[in-house]
Amino acid sequence: MAKSKFEYVRDFETDDTCLPNCWIVVRLDGRNFHRFAEQHEFKKPNDDRALHLMTKCAQTVMQELEDIAIAYGQSDEYSFVFKRKSKWFKRRASKFMTHVVSQFASSYVFYWKDYFKDQQLLYPPGFDGRIVLYPSNQNLKDYLSWRQADCHINNLYNTVFWMLVQRSGLTPVQAQDRLQGTLAGDKNEILFSEFNINYNNEPLMYRKGTVLIWQKVNEVMTKKIKLPKESEEKEVEVTRTRTKVVPLHCDIIGEQFWEEYPEILAEDS
Ligand code: DGT
Ligand code: MG
Ligand code: MG
Ligand code: MG
Ligand code: MG
C-alpha cells in the first residue's frame with residue numbers, strides 16, 4: 001500500500017519496550033483521595049466498602065488483562081505484577097500502564113454502587129500510574145515487602161491517631177504531637193493501655209493489605225445431557241476446575257508465602 005506523505009510522523013513515537021526477562025510492575029494510586037475519602041464519608045482510618053471496592057476493581061483488571069501473576073493493594077493503591085516472560089503488547093510500557101489504570105478506573109465507577117449503596121458518587125475519581133521493572137525475584141519480593149511494610153506502618157499510625165481523636169477527644173494537631181517520635185512499640189502500648197486494643201487482633205485486611213493470586217477451584221454445576229438410549233434429558237452434576245482470582249490477607253514479607261505458592265515466581269509462568 002502506498003504511503004502517504006504524512007507517514008513520517010510515526011517516527012516521532014518513542015520506543016517504550018520493557019526490558020526482556022524483567023518483572024513488570026504497574027502501581028496505581030487514587031488521585032487526591034484524601035479529599036475523595038472526606039467527601040464520600042469514608043470511615044476512618046479504614047472503610048471496608050472502599051477497600052473491598054478497590055479489590056473488586058483489581059480482580060477485574062486481573063481477569064480482563066493478560067499475564068498478571070499477582071497483585072497487592074492497600075489504602076488507595078494497587079500494584080500489578082506481570083509475568084517476566086509476558087509478550088503482551090510487545091511489552092510496551094504505555095500499553096501496560098494505560099490499560100491497567102483505565103480498566104481500574106472504569107471498574108471503580110461501574111461497581112461503586114454495589115459497595116456504597118446509598119452513598120452517591122459525587123465526582124469522577126482519577127488514578128495515577130507508574131511502571132517499574134525488577135530484574136530479579138528478590139527485587140520483586142522486596143518491592144512487595146516494601147508496600148506491605150508501608151501498609152503496616154501507616155495503619156498502626158492511623159489506628160492510634162484516630163483513637164486519640166475519636167475516643168480521647170484530642171484535636172488532630174494534639175494527636176500528631178502525641179505520636180511525634182514514637183516507635184511501633186510505643187504505639188502498640190498506647191493502644192493497649194489506653195484503649196484496651198491489642199493491635200494484633202485488628203482485622204488482617206487492615207494490617208496486611210490484600211494479595212490477589214490465581215487459584216484452581218473446583219466448581220460443581222448441574223448440566224442437562226441427553227443420553228443416546230433415552231428420550232428425556234437428564235440432569236447430571238459435573239465438576240469443572242477453574243482458575244479464579246482469590247484475595248488473601250497474609251504476610252508476604254517472610255518466605256512462607258513464597259514457599260506455599262511457588263508457581264507465582266516459577267520461571268515458565
Ligand atoms: P495523591 O495520591 O498524591 O494524589 O494524594 P492522596 O490524597 O491520594 O494521598 P495518598 O495516596 O498518599 O494517601 C491516600 C489517602 O486516601 C489518605 O489521605 C487516606 C485516604 N484513604 C485511603 N483509604 C482510606 C480509608 O479506608 N478510609 C479513609 N478515611 N481514608 C482513606
Ligand atoms: Mg501520593
Ligand atoms: Mg492517592
Ligand atoms: Mg496512596
Ligand atoms: Mg486501538
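This one's a predicted model, so the numbers in the text were calculated from it and none came from an experiment. As a basis for the values below, the full set of heavy atoms in this structure was taken, side chains included, without hydrogen atoms, waters or symmetry mates. Indexing begins at 1, ligand by ligand and atom by atom, following the structure's order.
Ligand 1 has a nitrogen or oxygen under 3.5 angstrom from a nitrogen or oxygen of Gly30. Checked by distance only, ligand 1 and Ala37 stay at 3.5 Å or farther apart across all their nitrogen or oxygen atoms. Looking at Arg35 next to ligand 1, no N or O pair under 3.5 Å apart turns up.
Listed by atom number, the atoms of ligand 1 under 4.0 Å from Lys44 heavy atoms are 29 (N). Residue-ligand proximity, Arg31 to ligand 1, at heavy-atom distances under 4.0 Å covers atoms 4 (O). For ligand 1, the atoms sitting less than 4.0 Å from at least one non-hydrogen atom of Pro45 are 25 (C), 26 (O), 27 (N), 28 (C), numbered in the order shown with element in parentheses. Near Asn46, meaning under 4.0 Å from any of its heavy atoms, are these atoms of ligand 1: 26 (O). If you number the atoms of ligand 1 from 1 as listed, the ones under 4.0 Å from a heavy atom of Asp76 come out as 8 (O), 11 (O), 14 (C). Set against the non-hydrogen atoms of Lys43, the atoms of ligand 1 under 4.0 Å away are 27 (N), 28 (C), 29 (N).
With values rounded to the nearest 0.5 angstrom, Glu13 atom CD is found 10.5 Å from Asp15 atom CG.
Of all N/O/S atoms in Asp29, OD2 sits nearest the Mg ion (ligand 4). Of all N/O/S atoms in Asp76, OD1 sits nearest the Mg ion (ligand 4).
Taking the six-membered ring for Trp, Phe127 and Tyr108 have ring centres closer than 6.0 Å.
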| Between Tyr78 and Thr55, is a side chain to side chain donor-acceptor pair (under 3.5 Å) present by the stated rule, with each step listed? | CA-CA 8 Å; Tyr78 246 99; Thr55 291; 2.7 Å; yes
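Taking the six-membered ring where tryptophan is involved, the planes of Phe96 and Phe82 are perpendicular, since the angle between them exceeds 60° and thus also 30°. Using cut-offs of 30° and 60° on the angle between ring planes, the pair Phe116 and Phe42 is parallel.
By the rule that hydrophobic residues join a cluster once side-chain heavy atoms approach within less than 4.5 Å of another member, Val173 and Met163 end up as members of separate clusters.
Glu263 and Lys216 are not joined by a salt bridge, as no carboxylate oxygen comes within less than 4.0 angstrom of a charged side-chain nitrogen.
Residue contacts with ligand 1 for Asp29 involve side-chain atoms from C-beta outward but no N, CA, C or O (heavy atoms, distance under 4.0 Å).
Donor-acceptor pairing under 3.5 Å is recorded for the side chains of Tyr199 and Asn155.
A cation-pi arrangement, defined by a distance under 6.0 Å to the six-membered ring centre and an angle within 45 degrees of its axis, is present between Arg35 and Tyr123.
The Mg ion (ligand 3) has an N, O or S atom of Gly30 inside 2.8 Å of it.
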